[in-house]
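Reviewing the structure listed below.
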Amino acid sequence: MMQVLRGMTSFRGVAAGTSLVVALSFSACSSSAPSAQGDLSSRYSYARQLIDREKYDQAIVELEPLMFAARATTIEDEILFSLAESYYRSEQYLLAIEIYRRLLEQTPGSPYAPDAQFMLAKSHKELSPVFARDQEHTRKAIREFSLYLDLYPLVKEPEGISEDIEMYRGLLELNPDNASYRRQLVAAEAELARAAKVRESRESIAELREKLAHNRYAIAEQYITLDEYRAAEVFYDDILRNFPDTAFFEQAWRGKIDALIRLGKWYEARAALEAYDQRFPENMERVEDYREKILKHFDNS
């Protein structure tokens, strides 16, 4: 499953990657020459200094040519990650997406890969618009956050990781020269930092799914105002099938009942009402008007 998902992200990047190479080549040619002269390592060190000083536009000018010069070197992944970070922090999210994806495709075994996958998802989330607009980036963000959770699951829950950190800190107080304890502490602290990313990923998926459901519900409501009740029912059904974990699930049930009544599908409306009563017994008063219409129809039949 993970290989299939990663293949999907790889395929998506082909066309965008071609255009980016042209764009970056033009940018590198038209920009002033790098301020730092010398070997690849020293030039990259200078670019990192610019990032540390939050001079992201200048860092980009330095890093764009280094991205090609560093191909197949030991610091290729570092340079790609720094360039993507600079794009992200300067709010150039489309370019950040392309470079994070490039890192994942060209250096899949990199220690930067987990953070690149997470930031790829965050970049799509930044581009996710309000619910009423096209939700392409919302869906992509959900997919990339989900892939991050699949590829990099936590070994322990955060509470257990925190306990490990306290234990190794205590052991190091007793034996500060123990290299094994120090390595274990560093690893546990890194895992706790990743636990925060896992939590953010889960929260982001829930938030973005809510937005998608809102989008589908708004479209259904628009069809209701246009008297296109069959089309509205299709979108209500989409929410009922795919977004049961959102606040719009209950509203979609009521919308479906209303649409069925307007369409004169009385048997289906009654079945939908009974299903609603079973799922939301505490909310039965919300559909009382629909109940009266359905009962009145069958009483007069």
On a heavy-atom basis, which atom in [X] and which in [Y] lie closest, and how many Å separate them?
X	Y	value
S86	Y56	O-CB, 3.9 Å
P108	A113	O-CB, 3.8 Å
Y152	V198	O-CG2, 4.4 Å
P244	N242	CD-C, 3.3 Å
I224	A259	CD1-CB, 4.4 Å
A121	A141	O-CB, 3.8 Å

Are [Y] and [X] connected into the same hydrophobic cluster when the rule is that any two of I, L, V, M, F, W, Y join if their side-chain heavy atoms are below 4.5 Å apart?
X	Y	value
L154	L151	yes
F243	V130	no
L149	M119	yes
L263	L295	no
L172	M167	yes

Centres of the Y87 and Y93 rings: under 6.0 Å?
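Between Y93 and Y87, which both carry aromatic rings, the centre distance is not below 6.0 Å.
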Return the [atom1] to [atom2] distance between [X] and [Y], rounded to the nearest 0.5 Å.
X	Y	atom1	atom2	value
M67	E76	CE	CD	10.0 Å
R102	L120	CZ	CG	13.5 Å
H124	S128	NE2	OG	11.0 Å
E78	L83	CD	CG	13.5 Å
L260	L273	CG	CG	10.5 Å
I294	K296	CD1	NZ	13.5 Å

After noting the C-alpha distance and the side-chain angles of D277 and R291, does the key distance pass the salt bridge (Lys or Arg N to Asp or Glu O under 4.0 Å) rule? CA-CA 10 Å; D277 288 343; R291 194 187 322 278; 2.7 Å; yes
Check the side chains of [Y] and [X] for a donor-acceptor pair under 3.5 angstrom, ignoring hydrogens and angles.
X	Y	value
T246	Y217	no
E221	Y236	yes
S110	D77	yes
D150	Y148	no

[X] bridged to [Y] by N-O distance under 4.0 Å:
X	Y	value
K140	E136	yes
K125	E207	yes
E98	R101	yes
R279	E250	no
D52	R48	yes

*asked:* My understanding is that only residues two or more places apart in sequence, or in another chain, count here; which of them pass ring pair (Phe, Tyr, Trp, His ring centres under 6.0 Å) with Y168?
replied: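 By the ring pair (Phe, Tyr, Trp, His ring centres under 6.0 Å) rule, Y168 matches no residue at all.
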Keeping the roles fixed (side chain from [X], backbone from [Y]), state whether a donor-acceptor pair exists under 3.5 Å.
X	Y	result
N283	R286	no
R182	P176	yes
E191	V155	yes
N215	K211	no
S45	S42	no
K256	A269	no
E62	Y44	no
S82	I79	no
E85	F81	no
Q135	R133	yes

Review point. When the ring planes of W253 and F249 are compared, do they come out parallel, tilted or perpendicular, using 30° and 60° as the limits?
Key: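 If you compare the ring of W253 with that of F249, the planes turn out perpendicular.
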Is the shortest heavy-atom distance from the side chain of [X] to the side chain of [Y] under 4.5 Å?
X	Y	value
I161	E157	no
D57	L50	no
K122	F145	yes
P129	D134	no

* To do: Would you please test K197 and E200 for side-chain contact (heavy atoms from CB on, under 4.5 Å) and show each step?
  => CA-CA 5 Å; K197 293 184 174 69; E200 183 177 347; 5.5 Å; no
Does the structure place the NZ or CZ of R216 under 6.0 Å from the centre of the six-membered ring of F248, at an angle of no more than 45° from the ring's axis?
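So R216 doesn't make the cation-pi contact.
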request  = State whether the number of non-hydrogen atoms from other residues, nucleotides or ligands found under 6.0 Å of K293 atom NZ is greater than 12.
outcome  =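 Counting other residues, nucleotides and ligands, NZ of K293 stays at 12 neighbours or fewer.
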| task | Let me see the working for Y100 and Q117 under side chain to side chain donor-acceptor pair (under 3.5 Å), right down to the final yes or no. | result | CA-CA 7 Å; Y100 284 128; Q117 178 62 46; over 6 Å; no
For salt bridge (Lys or Arg N to Asp or Glu O under 4.0 Å), just list the numbers for D258 and R262, CA-CA rounded to whole Å, side-chain angles, deciding distance to a tenth of an Å, and then say yes or no.
-> CA-CA 6 Å; D258 180 42; R262 292 172 184 264; 3.0 Å; yes
Open item on the list: Apply side-chain contact (heavy atoms from CB on, under 4.5 Å) to residues I75 and L40 and explain how you reach the verdict.
Closed with: CA-CA 9 Å; I75 61 172; L40 186 64; 3.8 Å; yes
(message) Checking R230 against E233 for the salt bridge (Lys or Arg N to Asp or Glu O under 4.0 Å) test, could you report, in this order, the C-alpha distance in whole Å, the side-chain angles of both residues, the deciding distance, and whether it holds?
(response) CA-CA 5 Å; R230 181 68 190 93; E233 184 190 1; 3.3 Å; yes
Exercise for review: Could you please spell out the steps behind the side-chain contact (heavy atoms from CB on, under 4.5 Å) verdict for L212 and F131?
Suggested key: CA-CA 7 Å; L212 284 182; F131 73 90; over 6 Å; no
Go through it in stages, so that I can follow the logic: the residues are I97 and L127, the test is side-chain contact (heavy atoms from CB on, under 4.5 Å), and I'd like the CA-CA distance, side-chain angles, deciding distance and then a yes or no. CA-CA 10 Å; I97 285 168; L127 292 171; 3.7 Å; yes
Tell me who clusters with F235, hydrophobic residues only, linked when side chains sit under 4.5 Å apart either directly or through other members.
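Members besides F235, by chain and number: I219, Y223.
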